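What follows is a single structure, written as structure tokens, with notes after it.
Keep in mind the model is a prediction, meaning the values are calculated, not measured. Within every chain, numbering begins at 1; the chains are lettered A, B, ... in the order of the sequence lines, protein sequences first and strands thereafter.
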There are 2 protein chains.
Amino acid sequence: MARTPNRTRQALLGFLSWGPQTGYGLRKVIDGSVSNFWTESYGRIYPMLKELEEEGLATSIERQTPGGRPTKTYSITDRGRSELAVWLADEPAPPARRNELLLKLFFAARAEGTDPSNMVEAFRAEKLAELERYAETRDELESAASPPPDMKYWMLTLRYGELEAEAHVRWADEVLKELGTS
Amino acid sequence: MARTPNRTRQALLGFLSWGPQTGYGLRKVIDGSVSNFWTESYGRIYPMLKELEEEGLATSIERQTPGGRPTKTYSITDRGRSELAVWLADEPAPPARRNELLLKLFFAARAEGTDPSNMVEAFRAEKLAELERYAETRDELESAASPPPDMKYWMLTLRYGELEAEAHVRWADEVLKELGTS
DNA sequence: CGTCGCATGTAAACAGTTACATGATTCG
DNA sequence: CGAATCATGTAACTGTTTACATGCGACG
């Protein structure tokens, strides 16, 4: 089983394919679009942009802005685009399987006096909040004036979140019922 | 947001709470029970067992077995048990959000000519295989002669896998339908 | 004047896998 | 005899977060 390899490269190339961006801007865009199934930190973004430039997958222009620090805006190159396309056509690596909630539940009988219900309750509440956020996102996307061609795919990723979160809520309901009656 | 901290400690303590084990044995047990939501590698197990012993959470006995290398069997101590109990009562850290399949789907429109259907098809097949494994596990557990007290909780973790995988299959069905008719 | 937002970047620490070294026994 | 299984352990590498350093402008 291949371990999850470095995908920050491809994630950044993907967002640069939308247009030139600064490191700071990329972080904003990531947080505002895919935060639900992807995250990146500055500690990865800035070094990776440097690497991308060294490898000819992106170029940068430094500008002295009237206010604040000089900004470095990165653009994807043709080679960057083709690297992105190669990655997109490739099978994704299986996700890491590490779920602490389930591990705790698995060992729940090993600690007398502790009731895992609170944990499951908190999990359920979080999933409901997630579903609310998804509903908002859905409304926003569906009411957009001119939907971009990517939108169809964005909706599919949103749908994933919805169906998964719904299943998680159903599971939590079952668990709480089961634990309550024992 | 707290990043996923080191939980190998607690996982090993959990399995040691079932009885004394070697590093090698722990790996086997983990693979045969929770592999579905937890994994550990030798590269973490052996150093961590050493650490647990140094901190007084486990003790070890080295034995010269008639055949093969000397084996080191670890046992959990009272302090180890109480550390386990503390962890069990604590809220779990939220899981890392990194899903490469969704990221690829999100950018699918950025590569002309590539069809993400194959990826989703492969995902679907894997989930169906997962469901089959779960069904087998369920049969085995339900036909056990004398179910241990932990069994109730094991079933809950199994149920999580079932409901999630079912939701994933439904999602894949929707996606394939959507992509096929466009 | 404080703090928020824009903006870049590094260093240290942590988490985790993979590959390797070592070696005996058992089973086909 | 070769492969699988039992068994321990390390080293190198990769991936990732967090905290910090730096600094300007705008807004209240």
Please tell me whether [X] and [Y] have a donor and an acceptor in their side chains that are separated by less than 3.5 angstrom.
{"X": "A:Thr73", "Y": "A:Gln21", "result": "no"}
{"X": "A:Trp87", "Y": "B:Glu100", "result": "yes"}
{"X": "B:Thr39", "Y": "A:Arg97", "result": "no"}

In terms of side-chain heavy atoms of [X], which of [options] is nearest?
{"X": "B:Arg98", "options": "D:dT16, D:dT8, C:dA15", "result": "D:dT16"}
{"X": "B:Thr71", "options": "D:dA7, C:dT8, C:dG9", "result": "D:dA7"}
{"X": "B:Asn6", "options": "D:dG9, C:dT8, C:dA15", "result": "C:dA15"}
{"X": "A:Thr39", "options": "D:dT17, C:dG9, C:dG5", "result": "D:dT17"}

Do any side-chain nitrogens or oxygens of [X] fall under 4.0 Å of OP1 or OP2 in [N]?
{"X": "B:Thr22", "N": "D:dC6", "answer": "no"}
{"X": "A:Lys28", "N": "C:dG5", "answer": "no"}
{"X": "B:Tyr24", "N": "D:dC6", "answer": "yes"}

Centroid separation A:Trp38 to B:Phe106 less than 6.0 Å: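 Not under 6.0 Å, so no.
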
Test side chain to side chain contact (heavy atoms under 4.5 Å, CB included) applied to B:Glu130 and B:Glu166, step by step: CA-CA 10 Å; B:Glu130 222 174 81; B:Glu166 279 166 17; over 6 Å; no

Mutual orientation of the aromatic rings belonging to A:Tyr160 and B:Phe123 [parallel < 30°, tilted 30-60°, perpendicular > 60°]: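 Tilted: the ring planes of A:Tyr160 and B:Phe123 meet at 30° to 60°.
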
Parallel, tilted or perpendicular, as decided by the 30° and 60° cut-offs, for the rings of B:Phe15 and A:Phe107: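 The rings of A:Phe107 and B:Phe15 stand perpendicular, inter-plane angle above 60°.
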
Taking [atom1] from [X] and [atom2] from [N], how many angstroms apart are they, rounded to a whole number?
{"X": "A:Ile61", "N": "C:dA7", "atom1": "CD1", "atom2": "P", "value": "15 Å"}
{"X": "B:Ile45", "N": "D:dA11", "atom1": "CD1", "atom2": "P", "value": "18 Å"}
{"X": "A:Leu26", "N": "C:dG9", "atom1": "CG", "atom2": "P", "value": "12 Å"}
{"X": "B:Glu62", "N": "D:dA7", "atom1": "CD", "atom2": "P", "value": "13 Å"}
{"X": "B:Tyr74", "N": "D:dA7", "atom1": "OH", "atom2": "P", "value": "14 Å"}
{"X": "A:Glu40", "N": "D:dG15", "atom1": "CD", "atom2": "C1'", "value": "10 Å"}
{"X": "A:Arg9", "N": "D:dT14", "atom1": "CZ", "atom2": "P", "value": "12 Å"}

End axis versus end axis in the helix from C:dC1-D:dG28 to C:dG28-D:dC1, the angle rounded to 10°, five pairs used at each terminus: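 Nearest ten degrees gives 30° for this helix.
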
Sugar-phosphate, base or nothing in reach of B:Ser41, heavy atoms under 4.0 Å: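 It contacts base atoms.
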
Pairing of A:Asp31 and A:Arg27 as salt bridge, 4.0 angstrom limit: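 Salt bridge between A:Asp31 and A:Arg27, a charged N being under 4.0 Å from a carboxylate O: yes.
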
Ring-face cation contact, A:Phe37 with B:Arg98, 6.0 Å cut, 45° max: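 That pair does not qualify as a cation-pi contact.
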
Heteroatom pairs (N/O) under 3.5 angstrom, protein to nucleotides 10-12 of chain C:
| residue | atom | partner | partner atom | Å |
| --- | --- | --- | --- | --- |
| C:dT10 | OP1 | A:Lys50 | NZ | 3.3 |

